[in-house]
Amino acid sequence: KKSQHALYQGFVAGYAYYEGSELESFFRLGEPLALRREPLNPHDANAIEVLWRGRKLGYIARKDNPVLARMLDLGYRLEARICQYNPELPAWERVELL
C-alpha cells in the first residue's frame, strides 16, 4: 500500500474572486484539485493556483506557499483534494484542501 503524507491543509485563498461559486454545486469530497505554479504572478513570486477540472478556484495562501512552490519548481508532483466543503460558510472558508 502506497503511503501518502499531507504537507498542507488549508482553505483556498481568493476563492470569492474566481470561478468557485459558479462550480461549487458540482464539488464532491475527495475530488482532486490541481496545483499549478504561477511564478510570474505580480503579487507573489511563490504563487500556486488551485484548479478544479482546469477551472481556477484561487490560490494556496501566500503565507503557506514558499515550501510547496519550491517543491513544485524542483519537479515534485503534489496532489490535492477537496477535504471539506460548506456553501454556508464565508467564501474564504468554503473550500478546504488537503
Side-chain angles (χ1 to χ4, degrees):
K1 184 177 177 180
K2 188 166 82 169
S3 173
Q4 294 187 352
H5 304 281
L7 297 174
Y8 174 76
Q9 182 171 355
F11 297 104
V12 177
Y15 183 81
Y17 302 103
Y18 298 98
E19 300 182 75
S21 56
E22 302 167 20
L23 305 168
E24 55 194 27
S25 64
F26 301 105
F27 294 167
R28 300 292 175 261
L29 292 180
E31 268 196 292
L33 298 169
L35 302 178
R36 181 171 66 194
R37 280 285 280 122
E38 192 181 69
L40 300 178
N41 183 303
H43 307 289
D44 181 5
N46 292 316
I48 302 171
E49 294 177 290
V50 177
L51 302 121
W52 176 81
R53 298 184 183 181
R55 309 279 296 274
K56 187 172 185 173
L57 300 183
Y59 291 90
I60 298 290
R62 182 187 316 218
K63 67 180 181 60
D64 298 326
N65 70 14
V67 171
L68 298 176
R70 180 77 175 129
M71 291 178 75
L72 288 168
D73 291 346
L74 289 171
Y76 285 88
R77 186 172 163 265
L78 303 180
E79 298 177 356
R81 299 203 172 274
I82 296 173
C83 70
Q84 181 177 314
Y85 166 70
N86 186 339
E88 305 300 316
L89 292 174
W92 63 89
E93 294 180 343
R94 202 166 291 169
V95 177
E96 188 174 9
L97 61 92
L98 176 64

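Predicted, not measured: the structure shown is a model, and the values here were computed from it.
Note on Leu29: it clusters hydrophobically with Leu23, by side-chain heavy-atom contacts below 4.5 Å among ILVMFWY residues. The cluster map of Ile, Leu, Val, Met, Phe, Trp and Tyr, joined by side-chain heavy atoms under 4.5 Å apart, puts Phe11 and Leu57 in different clusters. Taken together through direct or relayed side-chain contacts under 4.5 Å among Ile, Leu, Val, Met, Phe, Trp and Tyr, Ile48 and Leu40 form parts of separate hydrophobic clusters. Connection of Met71 to Tyr8 is established within a shared hydrophobic cluster, with ILVMFWY side chains joined at heavy-atom distances below 4.5 Å, either directly or through further cluster members.
In this structure, Glu79 and Pro32 have side chains that are not in contact, with every pair of non-hydrogen atoms separated by 4.5 Å or more. By the 4.5 Å heavy-atom criterion applied to side chains, Leu78 and Leu7 are counted as neighbours. Side-chain atoms of Ile82 and Leu97, non-hydrogen and from C-beta on, never get closer than 4.5 Å to each other.
Scored by the side-chain hydrogen bond (donor to acceptor under 3.5 Å, both in side chains) test, Asp73 finds Arg37 as partners (sequence neighbours excluded). Annotation: salt bridge (Lys or Arg N to Asp or Glu O under 4.0 Å) contacts of Glu38 (sequence neighbours excluded): Lys56. Residues satisfying the side-chain hydrogen bond (donor to acceptor under 3.5 Å, both in side chains) criterion with Asp44, sequence neighbours excluded, are Asn65.
Within the structure, ring pair (Phe, Tyr, Trp, His ring centres under 6.0 Å) contacts touching residues 26-74 (residues at least two apart or in different chains) are Tyr18-Tyr59, Phe27-Trp52, Phe27-Tyr85. Pairs of residues two or more places apart, or lying in two chains, never qualify as salt bridge (charged side-chain N to carboxylate O under 4.0 Å, His left out) while including a residue from residues 59-70. The salt bridge (charged side-chain N to carboxylate O under 4.0 Å, His left out) contacts involving residues 7-28 comprise Glu19-Arg55, Glu22-Arg55, Glu24-Arg94, where partners must be two or more places apart or lie in separate chains.
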Evaluation steps, side chain to side chain contact (heavy atoms under 4.5 Å, CB included), between Arg36 and Val50: CA-CA 7 Å; Arg36 181 171 66 194; Val50 177; over 6 Å; no
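Considering all non-hydrogen atoms of both residues, Ala91 and Ala16 come closest at CB-CB, 3.6 Å. Scanning all heavy atoms of the two residues, the minimum distance from Arg81 to Gly30 falls at NH1-O, 2.9 Å.
Panel note: side chain Tyr15, backbone Gly20; a donor-acceptor pair is recorded below 3.5 Å.
Screening Leu68, Val12, Leu72 against Ile60 for a side-chain contact (heavy atoms from CB on, under 4.5 Å) leaves a single residue, Leu68.
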